[in-house]
Amino acid sequence: MSLKQITDRIWVLPYDQRTDRPNLYYIRGDEGSLAVDAGASPAHVETFYAALQKQGLPLPDYTVITHWHWDHTFGLCAVRGETMATETTQQKLAQVMNWAWDRRAMMRREKTGEDIAFCNMHIMLEYGDPQQIRVVQAQTTLKEDLTLALGGVTAELLVRPSPHSEDSLVVYVPEEAALLVGDGDCEDLYQGQGMYEEAGLASWIDFLTGLEYLHHLNGHGDPMEKEGAVGYLQVQMEDCRREAEGRKLVRAYRNDYIRKLRRDVGHAPLMMAGCTVLLENEKGEILLQKRRDNGCWAPPGGAMEMGETAMEAARREAWEEAGVVVGEMQLLGVYTGEDRYIYYPNGDICYCTLIAFVSRDYVGDPMQDTDEALEHRFFARDQLPENLNRCDERSILDWAAGVTHVVCE
């Protein structure tokens, strides 16, 4: 991957959507240079440095961290030169340094709210073996704003909380009319349940509008102009205000929707959407799990959470239930009808529309003896087990029959 030049003195190594690697920025001064963010891994740093050297640019003298999230900090152990982060970022990294990096430990942190599936799945794609991860703190702790004179250009390191993370730091380069905001414009995936919070967003917009600049450079997107970035955030702000009461209810139910709703409606029938993915190995066999609740065989799958796409739900369920991370998927079918009622042993009833995908693109060996499955096993098309889960049977049999068109029935 090659560097792209944004201004006379600013370059970027573009983000990688597959593994969620962020943009890595580089500011060249006459007397020194600065990198913004350390990247997702030592391999990410190596790619960045190779791109700099190919462009004839010296390696950075300083690297500053915009916030604590893994994709911006896990490359710190491979960074050269002086590294800097805010005091709150350092505190968070000190916690993360004590985390274990096996799949079961990662899943436990998701249940406690310390981490989220979105990040863990991308960590698996980045590392393959997460036990290779080595988390370190930055060398220098920033307790207040700091200006670095790089020669002909200055980098103002501004400690400002953002909608995305309380520990945010931005880099203002007035001579280049540029503001590097990290992921500051994004919703909070940890504390905010993936939604904007009105007061924090309003404060962020005020901060942005108070600075004179043109180039708005974020962590996971293409460069923008200030007017477009602020305009987008102002629309989000208007939506927050107009939908304030509704958003409070959404936050209350956004995570673990079905379980929370059951407290209000008891065992009454609920309509829901379920998503599943039929994973094929290199032999063309399908992965099925023996469910704990009824002893039947089914692909990894489950209920879609509010705000998810169908593909996101299928990927999350494959990760949570089998410990595998799914890449590209193809739609097999959408299944409805009288056989879609689910009668649970505790008396709950659901009518579930099933959205089924097929994929051969996944990372990780299926885990055994998980919370929801007694075992995972691959089956050939002509050797399927007899006790298929009733609600998954049609999709499994369509796969076994080699159906090539998208099923919708």
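One-based numbering along the sequence shown. In this text, all values refer to a predicted model and were calculated from it rather than measured experimentally.
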Backbone N or O of Gly200 within a donor-acceptor pair of the Ser203 side chain at under 3.5 Å?
-> no
Does the side chain to side chain donor-acceptor pair (under 3.5 Å) test come out yes or no for Thr147 and Glu156, once each step is laid out?
-> CA-CA 4 Å; Thr147 298; Glu156 298 182 17; 5.0 Å; no
Which residues satisfy the side-chain hydrogen bond (donor to acceptor under 3.5 Å, both in side chains) test with Thr83, sequence neighbours excluded?
-> none
Could you give me the CA-CA distance, side-chain angles and deciding distance for Arg241 and Glu238, then say whether salt bridge (charged side-chain N to carboxylate O under 4.0 Å, His left out) is met?
-> CA-CA 5 Å; Arg241 289 170 175 162; Glu238 292 170 5; over 6 Å; no
Going through the distances and angles, do Val326 and Val363 end up as a side chain to side chain contact (heavy atoms under 4.5 Å, CB included)?
-> CA-CA 7 Å; Val326 184; Val363 174; over 6 Å; no
Does the pair Asp183 and Asn218 meet the rule for a side chain to side chain donor-acceptor pair (under 3.5 Å), with working shown?
-> CA-CA 6 Å; Asp183 293 353; Asn218 56 44; over 6 Å; no
Would you call Arg394-Asp339 a salt bridge at under 4.0 Å N-O?
-> yes
Stacked cation flag Arg108 on Trp99, 6.0 angstrom / 45 deg = no
Just say parallel, tilted or perpendicular for the rings of His72 and His67, cut-offs at 30° and 60°.
-> tilted
Give a yes or no on whether the backbone of Val159 and the side-chain of Asp145 come within a donor-acceptor separation of less than 3.5 Å.
-> yes
Does any non-hydrogen side-chain atom of Pro163 lie less than 4.5 Å from one of Glu187?
-> no
Does the ring center of His44 lie less than 6.0 Å from the ring center of Phe74?
-> no
side-chain hydrogen bond (donor to acceptor under 3.5 Å, both in side chains) contacts touching residues 123-132 (sequence neighbours left out) | Thr19-Glu126, Arg21-Glu126, Ser41-Glu126
Distance-only donor-acceptor check, side chains Trp68 and Glu166, under 3.5 Å = no
Do Asp167 and Ser165 pass the side chain to side chain donor-acceptor pair (under 3.5 Å) test, and can you show the C-alpha distance, the side-chain angles, and the key distance before you say yes or no?
-> CA-CA 5 Å; Asp167 66 319; Ser165 185; 2.3 Å; yes
Indicate yes or no: at least one non-hydrogen side-chain atom of Asp239 is less than 4.5 angstrom from one of Arg247.
-> yes
Given side chains that start at C-beta, do those of Lys4 and Pro14 come closer than 4.5 Å, heavy atoms only?
-> yes
Just do the side chain to side chain contact (heavy atoms under 4.5 Å, CB included) check on Phe357 and Gln330 with the steps written out, would you?
-> CA-CA 5 Å; Phe357 299 93; Gln330 295 77 45; over 6 Å; no
Using 30° and 60° as the class limits, which term best fits the ring planes of Tyr253 and Tyr257: parallel, tilted or perpendicular?
-> perpendicular
Do side-chain atoms of Ser33 reach the backbone of Gly29 as a donor and acceptor pair under 3.5 angstrom?
-> no
Glu375 and Gln289 side chains, donor-acceptor separation under 3.5 Å | no
Hey, does Glu110 have a side-chain heavy atom less than 4.5 Å from the side chain of Trp319?
-> yes
Determine, for Arg262 against Asp348, whether the closest basic-nitrogen to carboxylate-oxygen distance falls under 4.0 angstrom.
-> yes
Any donor-acceptor N/O pair, Asn281 side chain to Glu285 backbone, under 3.5 Å | yes
Donor-acceptor contact present, side-chain Gln5 to main-chain Asp8, <3.5 Å | yes
Side chain of Arg160, backbone of Leu169: donor and acceptor closer than 3.5 Å?
-> no
Please determine if Arg254 and Glu305 form a salt bridge, counting it only when a charged side-chain N lies under 4.0 Å from a carboxylate O.
-> no
Does the distance from a Lys or Arg side-chain N to an Asp or Glu carboxylate O, for Asp61 and Arg80, drop under 4.0 Å?
-> no
Apply side chain to side chain donor-acceptor pair (under 3.5 Å) to Glu82 and Thr140, showing your working.
-> CA-CA 7 Å; Glu82 184 177 357; Thr140 301; 2.6 Å; yes
Full working for side chain to side chain contact (heavy atoms under 4.5 Å, CB included) between Thr66 and Val36 = CA-CA 7 Å; Thr66 61; Val36 179; 3.6 Å; yes
Please determine, by modelled atom types, if Thr370 and Glu372 share a side-chain donor-acceptor pair under 3.5 angstrom.
-> no
Among side-chain atoms of Tyr335 and Asp398, is any donor-acceptor pair under 3.5 angstrom?
-> yes
Salt bridge present between Arg292 and Asp371 (N-O < 4.0 angstrom) | no
Side chain of Arg340, backbone of Tyr351: donor and acceptor closer than 3.5 Å?
-> no
Give a yes or no answer on whether the side chain of Ser162 reaches the backbone of Ser168 with a donor-acceptor pair at less than 3.5 Å.
-> no
Mark yes or no for whether Glu197, through its side chain, and Gly192, through its backbone, hold a donor-acceptor pair below 3.5 Å.
-> no
Which one of Leu288, Leu279, Val277 satisfies the side-chain contact (heavy atoms from CB on, under 4.5 Å) criterion with Pro299?
-> Leu288
Min side-chain heavy-atom separation Val173-Thr154 under 4.5 Å = no
Look only at the side chain of Asp188 and the backbone of Gln193, and say whether a donor-acceptor pair between them is shorter than 3.5 Å.
-> no
May I ask you to test the Met84-Tyr62 pair for a side-chain heavy-atom distance under 4.5 Å?
-> yes
Close side-chain approach of Val406 to Leu332, heavy-atom, < 4.5 Å = no
Gln90-Thr141 side chain donor-acceptor pair, cut-off 3.5 Å | yes
Between Glu308 and Arg316, is the closest basic N to carboxylate O distance under 4.0 Å?
-> yes
Does a side-chain N-to-carboxylate-O contact under 4.0 Å join Glu393 and Arg390?
-> no
Taking it one step at a time, do Asp185 and Trp204 satisfy side chain to side chain contact (heavy atoms under 4.5 Å, CB included)?
-> CA-CA 8 Å; Asp185 296 341; Trp204 182 248; 2.8 Å; yes
Please state whether the rings of Tyr190 and His69 are parallel, tilted or perpendicular, taking 30° and 60° as the class boundaries.
-> tilted
Salt-bridge criterion met for Arg291 and Asp293 (N-O under 4.0 Å) = yes
